Structure formats: structure tokens, C-alpha cells
Amino acid sequence: MQVKIYDTTLRDGTQAEDFSFSAEDKVRIALKLDDMGIHYIEGGWPGSNPKDACFFREIRNYHLKRARVAAFGATHYPEKTAAGDPNLKALLDADTELVTIFGKSWTVHVRDALRTTLDRNLELITDSISFLRQKEKTVFYDAEHFFDGFKADAEYALATLGKAIDAGAECIILCDTNGGTLPGSIRDAIQAVKDRYPGITFGIHAHNDSDVAVANSLLAVEMGAVQVQGTINGIGERCGNADLCSIIANLCLKMGVECLGPEDLKKLRHVSRFILELANVPSNRFQPFIGRSAFAHKGGVHISAVERNPLTYEHVDPTLIGNKRRILVSDLSGRAAIKRKAAEFGISLPKSDPVALQVLEELKDLENQGFQFEAAEASFELLINKAMGKAKRYFELVGFRVMDQKLNENSEPVAEATIQIRVGGQLEHTAALGNGPVNALDNALRKSLEKFYPELKCMELSDYKVRVLPGRPGTSAKVRVLIESHDGTDHWGTVGVSHDIIEASWQALVDSINYKMYKAEKQKEKKGA
């Protein structure tokens, strides 16, 4: 059995809150989807906005290797003919060989949204598809709100499908547009469709308002659906669409359905992250299959078992979908986890080495104080080096002062940091401004150090998070600062904890710089070897 994947990220996905793509972004995403082997890419609704019309003009300049681009639209207006309808004309102007149109299956929508009669709605479906077929277009028909329509009036909902089939639609897509249908009802409705129209070629389009869009999509495939519609990462209006990342992984790895090839499947995580980066939206670390935490192990018992046999706590091999196993270190860890994590850093700890026990005890003490190293692995690697007696001090702090001054009610605050450090016996005294006190301190510190360590010029602070820890009430509570830095090649995280937010930030900043220098030295050693 083969199932074709129909991606609607560029249309349905952009209806999600806080998601927006330019026409250029949409072209870049389409090229990525094509490279991954997606069968159909819905480019947008050319009759609804200039951006989508621009996409269809631009995508003609590219030769897609495998995907077919679809233009999306609706059946013609009740008061117009198909030939005189502006939306159908826009579909033709998009110049795609494949067109997807939706029509009403639910009597509520026919009466309240279209404001027409049930018979006239059947005519709209027939006339629209027939018109597009006469223009030599391949037509997919989205039966909007089909499952709600089936529940309200099964005979009428099934009749709308019959009109689409008779008019020449190549595939009938059953849509759970409101996302409120549960798997049992999906099964009953699909069985009724198959009984009424034996041999029907059908697909599924599920929204996630009841958190079962993926389950409903997989169930439809089990019942014979040959097309699955959804979006990468499940983005979409309200609670989103069916997540193609989970659907594709389940089809290929769990259900044995021919969908994407093994090499294409390995691109899944990369494409997911690429789309989120373009949208400037953070990824969901807990997303099944492709999330950063999807194969992360923290409990000592789990880690020990996974080292013996990954099947004990992993339902699939993470490398098959472009992900990887991660061993987390925390106060739940044992010595095995410490040694395994050290090995990831290229540090070998023999079985009898007491360093692992020392690191474990220090780790538990630090986490009791509020430190957390799951997102600050650079700080943890420095901790291991310190326990091994290999830590190096690249500079010594003499002192710093940070001022944040607001001159009047309408002016922005001005932050300035002054710092004194000693490097190899030489004293440096530097001041710098910044967007806030932490940024000013970061600027002053690196300004002082760059003359000694030019490698720091390519390093930037890319993320800064503060969390108030439980304990003392109000402003006297401890805070944990997590900093993410990058140098154009790598990203690394560091952590600091204190009752003073500047002190916590200082700890994380120092670790970030020390880690950059430590990493640079390791690279020099490799080149020398």
C-alpha cells in the first residue's frame, strides 16, 4: 500500500497564530518539502491574497524534482456561474496542473455560511469540478466539515461526495474541519462512505482541536485512505492540523506503509526546524519523534537499560528520522550517566575512576541549590574538567560595577558596565554600554578579553532566560539564568544561580566564555595531532 502526503503548511499552516511567511519564504519551504519527497504541496489560495498569487508566479521558475504544487480554492459563489467566478479564475491563473477545491458537506454551513439551498450547493460542487476538469486540471475535492455533516445529516453529506465523484474529482478528501471528531466516529463515517461508494479513492484532512488529529489520520489510512493532508509540526488555525512529522514517522516506521524513502525520512527533523526558523518560532522540545527531548533519558534506571538495549526505553531508532539519543544529567543520574555524558564530550572516565562519583555528588549539590544542566551542557562539561583537575582560568576578575540609569519618565534606561580583569598579570579596566545591565556586562567583559583572545570576536550571546526559583517569596527569591551562545559553528548553553540576577548572569557569562576558549584549545590540539 502506498500513501501520498499532501502538505498544506503554506496555506493551512500560515493560519496559525504568530505564523507568517513571505512569498520568498514559501518558495524556500516548498523546495525543502520537494527535496524530502513530499508528494503534493498546497501553495495557497491565489484568489484570497496577493502573497499567494505571487508564490504561484515565482514557483514556476523552479523545477521541482518530485512534488506537484496544488492551488487551493472554493466552489464558485451561489449567485455566479463557474465560468464567471473570480476565485475559479484565480485558480486557473495560478497555472498549476493540480487544483484542490473545497465544498460544503454540512447542512449548517450550506444554510448559514453559503446562505443557499441544499440543492444549489450540490450544483456548485458539480459545476465547479466539471469546469476545472474541462480546463484539463486534476482536481482533488476537500469535503469540508464532512464528519460534522455526516453526524447531522448522513444522506446529504454522502450525496455531496457523489456529486464530486461524478464530476471527475480524482480524490475525495474527508475533512474534520472543526477537529472535534473522535476516532470511533471517524471509523463509522468512513465505513459508510466505503459502503456507499465501493472502490472510492479518498484521503483525510484532520484538525487537532480534540488532540486526536494524528490518530484520526492513521485510522483513515488503516481503512484505505491513500492521501493524508496535514502540516509540518502540526501548525494551523486554532489548535493546529494533523502533524505530518508524526504521521510520516508512524506510517514508515510503525505501519509499514510506503510513504517516504529511508534517506528522505532522515530529513524530517531538519525540515521541521527549518520551517520554524523561518517563522521565528521556537521548537517544541517535547514533540514526538523529532523533538529535542523525544529520545532524552534522565532517570538512572532508564539510562542504564538504554545502554544495554535501546529498545528498553525507545520505541524507534532516533537516527531514522534525523534525531539522536541524549543522556541527561541531573540529581536523578547515576555514575553510568556521568560517564556516558563525559564520553559524549570526548572525555574517557575509567570504570574505577572516582571522578565520576565526585562529579555526581557535586551535581546533586548544585541542583539542590537551583542549578540545572539539561539545557546547560557546556557548564556541565566544564564541571567535569574541574573535577579532573584540567580546568584552566583564562582570566581573573578584579571587580565590576553595573549601572542602570533612567533620566526621565519618557526615556529608555541606559545601562553601563565597568569591569577590571587580570590576564597573565596584565590588568584591564574597561567600560561598555548595553541594552540592559546584562548586555552591558557582557559587552564590557568581551571588550576586555578580545585583545588577548581574538577567538571571542566571533562569539555572540543568542538567548537569555531568567527563571525565578521556588523558595523565598517575591524579589528575595533565587533566580536561575540560562544563556545560549554561538560562534557561527556551534551552540552551547551555560547556567548561573544566585539571589542576585546580575551575579547569576555573571556566572553564566563566565562559563560561556570559558567554554568558547576551552573549545578553541581542543580544536587546536586536534589540528596539531
Side-chain angles (χ1 to χ4, degrees), residues 366 370-371 373 375-383 385-386 390-408 411-467 475 478-525:
L366 288 170
F371 283 82
F373 294 92
E377 294 185 347
S379 288
F380 183 68
E381 186 171 353
L382 295 175
L383 179 65
N385 276 281
K386 180 181 176 183
K390 294 183 178 180
K392 181 177 176 181
R393 294 186 69 182
Y394 296 96
F395 66 93
E396 176 188 353
L397 174 68
V398 177
F400 68 74
R401 181 178 61 187
V402 180
M403 295 184 297
D404 206 20
Q405 185 178 22
K406 187 175 177 69
L407 298 176
N408 59 66
S411 68
E412 291 290 328
V414 177
E416 180 180 355
T418 303
I419 190 168
Q420 291 187 71
I421 61 169
R422 185 174 285 110
V423 181
Q426 185 172 338
L427 184 67
E428 280 292 314
H429 187 179
T430 308
L433 300 175
N435 295 320
V438 176
N439 181 241
L441 185 58
D442 178 39
N443 291 340
L445 176 58
R446 292 203 284 126
K447 186 177 178 181
S448 297
L449 290 172
E450 284 176 0
K451 64 182 293 186
F452 301 100
Y453 305 116
E455 302 94 325
L456 296 177
K457 292 180 180 179
C458 65
M459 172 186 156
E460 293 182 5
L461 188 153
S462 54
D463 199 8
Y464 174 85
K465 294 185 178 72
V466 179
R467 182 178 178 184
T475 55
K478 275 189 174 182
V479 296
R480 178 168 60 233
V481 170
L482 289 172
I483 285 179
E484 184 173 330
S485 304
H486 72 92
D487 58 6
T489 303
D490 296 321
H491 287 74
W492 60 94
T494 53
V495 62
V497 173
S498 175
H499 293 291
D500 187 314
I501 190 172
I502 301 297
E503 170 60 20
S505 302
W506 170 256
Q507 294 170 12
L509 282 173
V510 170
D511 268 8
S512 68
I513 287 175
N514 282 340
Y515 185 77
K516 167 62 180 175
M517 296 308 305
Y518 160 72
K519 189 166 70 83
E521 287 193 353
K522 283 204 305 183
Q523 291 172 346
K524 289 178 182 177
E525 289 174 4

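Keep in mind that what you see is a predicted model, and the values were worked out from it rather than measured.
Annotation: the span from E377 atom CD to T494 atom OG1 amounts to 12.0 Å, rounded to 0.5 Å. Separating the CD atom in E412 from the CG atom in L407 is a distance of 11.5 Å, to the nearest 0.5 Å. Distance check, rounded to the nearest 0.5 Å: NZ of K392 to CE of M517 gives 7.5 Å. Here the straight-line distance linking atom CG of L509 with atom CG of D511 works out to 9.5 Å at 0.5 Å rounding. Put simply, CG on L382 and OG on S512 are 9.5 Å apart, with the number rounded to the nearest 0.5 Å. Atom CG of L427 is separated from atom CD of E396 by 9.5 Å, given to the nearest 0.5 angstrom.
With Q507 contributing its side chain and V497 its backbone, the two residues share a donor-acceptor pair below 3.5 Å. Between the side chain of K447 and the main chain of A431, a donor-acceptor pair closer than 3.5 Å is present. In terms of modelled atom types and a separation under 3.5 Å, the side chain of Y453 and the main chain of Y394 share a donor-acceptor contact. With S462 contributing its side chain and E484 its backbone, the two residues share a donor-acceptor pair below 3.5 Å.
In terms of heavy atoms, S448 sits closest to E428 at O-CG, 4.1 Å. Nearest heavy atoms, R480 versus G370: NH1-O, 2.7 Å. Among all heavy-atom pairs drawn from L397 and Q420, the shortest one is CD1-O, 3.6 Å. Of all the heavy atoms in K406 and S411, the pair that sits closest is NZ-O, 2.5 Å. The two residues F371 and G496 come nearest to each other via the heavy atoms CE2-CA, 4.0 Å. Across D500 and I502, no two heavy atoms sit closer than the pair OD1-N, 2.8 Å.
Looking only at side-chain heavy atoms (C-beta outward), E381 and Y518 come within less than 4.5 Å of each other. Between W492 and M459, some side-chain heavy-atom pair lies under the 4.5 Å cut-off.
Between F400 and W506, the two ring planes are tilted [angle within 30° to 60°].
Residues passing the ring-ring contact (aromatic ring centres under 6.0 Å, His included) test with Y464, sequence neighbours excluded: none. With sequence neighbours left out, the ring-ring contact (aromatic ring centres under 6.0 Å, His included) criterion links H491 to H486.
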Show me, pair by pair, the donor-acceptor contacts under 3.5 angstrom made by side chains of residues 433-443, not counting sequence neighbours?
| residue | atom | partner | partner atom | Å |
| --- | --- | --- | --- | --- |
| N439 | OD1 | N435 | N | 2.8 |
| N439 | OD1 | N443 | ND2 | 3.4 |
| D442 | OD1 | R446 | NE | 3.3 |
| N443 | ND2 | L433 | O | 3.0 |
| N443 | ND2 | N439 | O | 3.2 |

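For the side chain to side chain contact (heavy atoms under 4.5 Å, CB included) with S379, the lone residue among I483, L482, V495 that qualifies is V495.
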